[in-house]
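Structure first, then comments.
In this text the structure is predicted, and so the values were computed from the model without any measurement.
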Amino acid sequence: MSWDHGYFSSSSYTSGVYRELAPAWLDFAALLQGHQPPRSHEGEAFSYLELGSGMGLGLCLLAAAYPEGRFTGIDFQPDHIVHSRRLAQQLGLANINFQEADFLSLAANPGPLAAAHHYVVAHGIATWITAPIQQALLQLAGAALNPGGIFYCSYNTFPGWLGASAFQHLGELTRQRQAEASAAQAFQQAAASLTSLLGSEESPSALALAQPALRRRLAQIPNQNSAYLLQEYANQGWQPLYVAELHQRCAAHKLRFHSSATLPENFLELLPANVRPAVLAASDPALRQSLQDLAINQSFRRDLFLRGVATSTDSELRQRLNQIMLRLQEAPATDSYRFETSFGQVSGVAERYQQLEAYLAHGPRSFGQLLEDTQLQLAELAKLLALLLHAGRIGFDRCACADFERAHQVNEQLLELIRSGRSYAHLVAPASGGGVGFSLVEALLLDGQRRQLGGQELEQHLLESLKATGRSIKGEAAPLLAAFAERQPRLQALGVLP
């Protein structure tokens, strides 16, 4: 097998940013299930390793948002490392480095990586690589963690991917037999062929009856980014797993499952009432997680594993939880609090959420202060805040630790890169310790505003600038200007814009 071990290496991956990888988010998820996180307080120095760092944008944003951290990205794809190093240099980041390395060789000799990191993360890697590489990934994760450290691992799961496994198989078969076609074309053809086997909605085939969600998934294929499509499906090691399978493989490397970075999944009382008793009846953790996934047709997990559990009293855990600072994010006013979760839509009592947001509207507050403000039980407040965090209505507050000046410098460089045509879509939010979405249209509007343009002149600037990049907008420009003007104060409050 070649150097890529069957991973699709003919194109680079997309530049994604994932909020669940932020240290503050990982700490909170660990605390929800009773584990003292690797840092005793926000702002404490730490070491962070990403296995499979891709194009590096997400890790660079974390390095900008957490100046007290040391960040290392490992990837075996040289194109990814070239891009990542150049980006880190352009952004002026001194607390990050990227290494081109293979999991197999690193697992055999981790060297300075051994037991050196408070956090190790592997987003979207484990179920896209062949068995020996997956084994090396988990071995390396266990070896690289400090005792008490957190390993984040996200992966595709059954039963949610059962239907898509037929599409992946057919796509790979088509690719092998049509050498003249591009890989992307092969998967598009496979989607068309498989759709034709579903019959009509009025007269569905046996396959459509057995996999009712397959038609909707196939309908999305023609509109998906080709880079994502290939990186998702064109790997020889593509193989979703049942949750117990991955947990058993992690346990072999001293990595014990602890909680989920998908925060609502830590509250089993949110499960639909018709399946909740069967799940809660299982006392064995692996069996309970398996029943949970089967009940909700789980397709993707963001699991946290620990290398050693820090035994703490309830008082110690409560004290650490009370320190967590929270703030409002981009949260438009609403009278309806319905949260889309992997457990289905969860509805809450609007007054409770409005009360929490009203307290935060006056400025960041700690978990402990909110406990006093609301007089809620700790577990109930944790659940409400977890849902608000999941919905993006609130975030963590890092104003006391953030370097706003450096974050603004990083964002200025990112804005320049976005306007030049780079497919980045995020800026650093130092106040919350993460990234926020920021489009090319918004970057061009901001540039026009700084040129003191307004009204029709600003619209014209936007349209002409988009045309110069070979792009355009649908509909009128005026609503885009209004939406951006409304968003700017929230971006300034988060430290995204000065």
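Between the side chains of Ser47 and His118, not a single donor N or O lies within less than 3.5 Å of an accepting N or O. Checking Gln134 against Arg249 by side-chain atom types alone, a donor-acceptor pair falls below 3.5 Å. One side chain, Ser342 or Glu265, offers a donor N or O that lies under 3.5 Å from an acceptor on the other. Side-chain polar atoms of Asp293 and Thr157 form no donor-acceptor pair below 3.5 angstrom. Defined by atom type and a distance below 3.5 Å, a donor-acceptor pair is present between the side-chain atoms of Asp303 and His247. There is a side-chain donor-acceptor pair under 3.5 Å between Glu232 and Tyr228.
Separating the CG atom in Leu207 from the CZ atom in Arg215 is a distance of 9.5 Å, to the nearest 0.5 Å. The distance from the OG1 atom of Thr174 to the NE2 atom of His169 is 9.0 Å, given to the nearest 0.5 Å. Rounded to the nearest 0.5 Å, atoms CG (Asp335) and OH (Tyr337) are 8.0 Å apart.
No more than 12 heavy atoms of other residues, nucleotides or ligands shown are found within 6.0 angstrom of CD on Gln377. The number of heavy atoms from other shown groups lying within 6.0 Å of CD (Glu340) is above 12.
No side-chain heavy atom of Gln99 sits under 4.5 Å from any side-chain heavy atom of Ile81. Considering only heavy atoms from C-beta on, Ile125 stays 4.5 Å or farther from Ile133 through its side chain. Residues Tyr18 and Arg302 fail the side-chain proximity criterion, which asks for heavy atoms closer than 4.5 Å. Side chains of Arg301 and Ser154 form no contact here, defined as non-hydrogen atoms less than 4.5 Å apart. Looking only at side-chain heavy atoms (C-beta outward), Asn146 and Arg307 stay at 4.5 Å or farther from each other. Looking at Pro38 and Ile150, their side chains come closer than 4.5 Å, going by heavy atoms from C-beta outward. Counting heavy atoms from C-beta outward, Ile221 and Phe187 have side chains that stay 4.5 Å or more apart.
Checked by atom type and distance alone, the side chain of Thr313 pairs as donor or acceptor with a backbone atom of Glu316 at under 3.5 Å.
A cation-pi arrangement is present between Arg398 and Tyr66 under the rule of less than 6.0 angstrom and at most 45 degrees off the ring axis. For the pair Arg217 and Trp161, the cation-pi test (distance below 6.0 Å, angle within 45°) is passed.
Ring-centre distance between Phe71 and Tyr119: not below the 6.0 Å cut-off. Taking the six-membered ring where the residue is Trp, the centroids of Tyr233 and Phe167 are separated by under 6.0 Å. Taking the six-membered ring for Trp and the full ring otherwise, His80 and Phe98 have centroids separated by 6.0 Å or more.
Under 4.0 Å is where a charged nitrogen must lie from a carboxylate oxygen, and between Glu330 and Arg393 no such pair does. Arg365 and Asp397 are not joined by a salt bridge, as no carboxylate oxygen comes within less than 4.0 angstrom of a charged side-chain nitrogen.
Aromatic ring orientation, Phe46 versus Tyr48: perpendicular (interplanar angle above 60°, classes split at 30° and 60°). Ring-plane geometry between Phe158 and Tyr242 is classed as tilted, the angle between the planes lying from 30 to 60 degrees on a 0 to 90 degree scale.
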Ser366 and Leu326: CA distance, side-chain angles, deciding distance, side-chain contact (heavy atoms from CB on, under 4.5 Å) verdict: CA-CA 6 Å; Ser366 70; Leu326 298 146; over 6 Å; no
